[in-house]
Amino acid sequence: LAGIGVVSNGDMQWLSVSGLGTVANRSMRGVNLAGLGVVANGDMQGINFSGLGTVADGTLWGLSLGGLAVVGNGSVRGISAAGLAVVSNGDVTGVALGGLAVVGNGAVRGISAAGLAVVANGRLTGLAVGGLAVVGDEGLVGVAIGGVHVEGRWIHGLAISPIRTRTWEMRGVSIAGYNRMKGDQFGLAIGLYNYAKRLHGVQLGLINNARNNKGLLRVLPIINVHLH
């Protein structure tokens, strides 16, 4: 316990509490609390809480809370919540809640929610809710709900967005103002304007554009179908 800081040049274990910062030059395990920052130059495991930032240069495991940010330069695993952002240079696995954003430079797996965006540079799997957008660069599997936009190279599951859903392959159900399937759509699209380069299912909306249908059947109001 310390009024200002608890610092270890090696590993830190058990219970550490400080008014300002709790810092380990190597790994940190146990319960670690600080008014400003909890920082480990290696891995961090256990229960970690800070008023500003909880940061691990390695992997972050367990329950991690940060008034502003939770950051893992490796992976972030477990339950993580931050006033601004939960960020991992690797994967985010478990439950991740960010006031503005949840970002994984690798995959994002589990339940993730953010006021602005949930973003995975890899695959996004599970339930993801973003106030503005949900984006899985590699693809989305599960349920994705974006206030403005949902996007992935492919989407398998349920995508909901009042404005737009965009993907190169959709397998499942997409509900959006504008559904843009730049490749194949397998399943159901519901929206004001639905576009599929290759439809293998049903479109329901004001205007339904299935580019692999022929002639007058290519663009239809209310419903369009191609089941081959």
Side-chain angles (χ1 to χ4, degrees), residues 15-17 22 27-40 42-152 154-161 165 172-173:
L15 173 64
S16 304
V17 180
T22 299
S27 296
M28 187 179 288
R29 298 178 181 87
V31 179
N32 306 289
L33 311 173
L36 293 182
V38 174
V39 180
D43 296 335
M44 187 182 295
Q45 300 178 21
I47 298 173
N48 308 289
F49 172 80
S50 69
L52 293 182
T54 298
V55 181
D57 196 41
T59 298
L60 192 57
W61 279 290
L63 173 61
S64 304
L65 307 175
L68 291 182
V70 172
V71 180
N73 199 36
S75 296
V76 174
R77 301 173 183 173
I79 300 174
S80 307
L84 290 183
V86 175
V87 181
S88 172
N89 202 34
D91 298 336
V92 177
T93 303
V95 178
L97 307 174
L100 292 182
V102 173
V103 180
N105 199 36
V108 174
R109 306 182 187 94
I111 299 173
S112 51
L116 290 182
V118 176
V119 179
N121 281 334
R123 181 181 300 186
L124 199 157
T125 305
L127 170 63
V129 181
L132 288 181
V134 174
V135 179
D137 279 352
E138 182 179 319
L140 302 172
V141 180
V143 179
I145 302 172
V148 173
H149 184 68
V150 173
E151 181 169 351
W154 43 261
I155 299 175
H156 296 174
L158 172 63
I160 300 175
S161 174
T165 293
V173 178

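Residues that satisfy the salt bridge (Lys or Arg N to Asp or Glu O under 4.0 Å) test with D91, not counting sequence neighbours, are R109.
Here the shortest heavy-atom pairing between V134 and A144 reads CG1-CB, 3.9 Å. Counting all heavy atoms, side chain and backbone alike, V108 lies closest to A120 at CG2-CB, 3.6 Å. Closest heavy-atom contact between V141 and W154: CG2-CZ3, 3.2 Å. G104 approaches V92 most closely through the heavy-atom pair CA-CG2, 4.1 Å.
How far OG1 of T54 is from CG of L33: 9.5 Å, rounded to the nearest 0.5 Å. Here the OG1-CD1 distance, from T165 to I145, works out to 11.0 Å after rounding to the nearest 0.5 Å. Interatomic distance, L60 CG to Q45 CD, rounded to the nearest 0.5 Å: 9.5 Å. A distance of 7.5 Å separates CG of L63 from CG of N48, quoted to the nearest 0.5 Å.
Using a distance-only test at 3.5 Å, with no hydrogens or angles considered, no donor-acceptor pair links the side chain of D43 to the main chain of G58. Side-chain N or O atoms of S161 include one that pairs as donor or acceptor with a backbone N or O of V148 at under 3.5 Å.
Here salt bridge (charged side-chain N to carboxylate O under 4.0 Å, His left out) pairs that include residues 138-151, with residues two or more places apart or in two chains, are R123-E138, E151-R166.
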Can F49 and V31 be said to form a side chain to side chain contact (heavy atoms under 4.5 Å, CB included), step by step? CA-CA 8 Å; F49 172 80; V31 179; over 6 Å; no
With a 3.5 Å cut-off and sequence neighbours excluded, list the donor-acceptor pairs that the side chains of residues 67-87 form with protein atoms.
residue	atom	partner	partner atom	Å
N73	ND2	D57	OD1	3.2

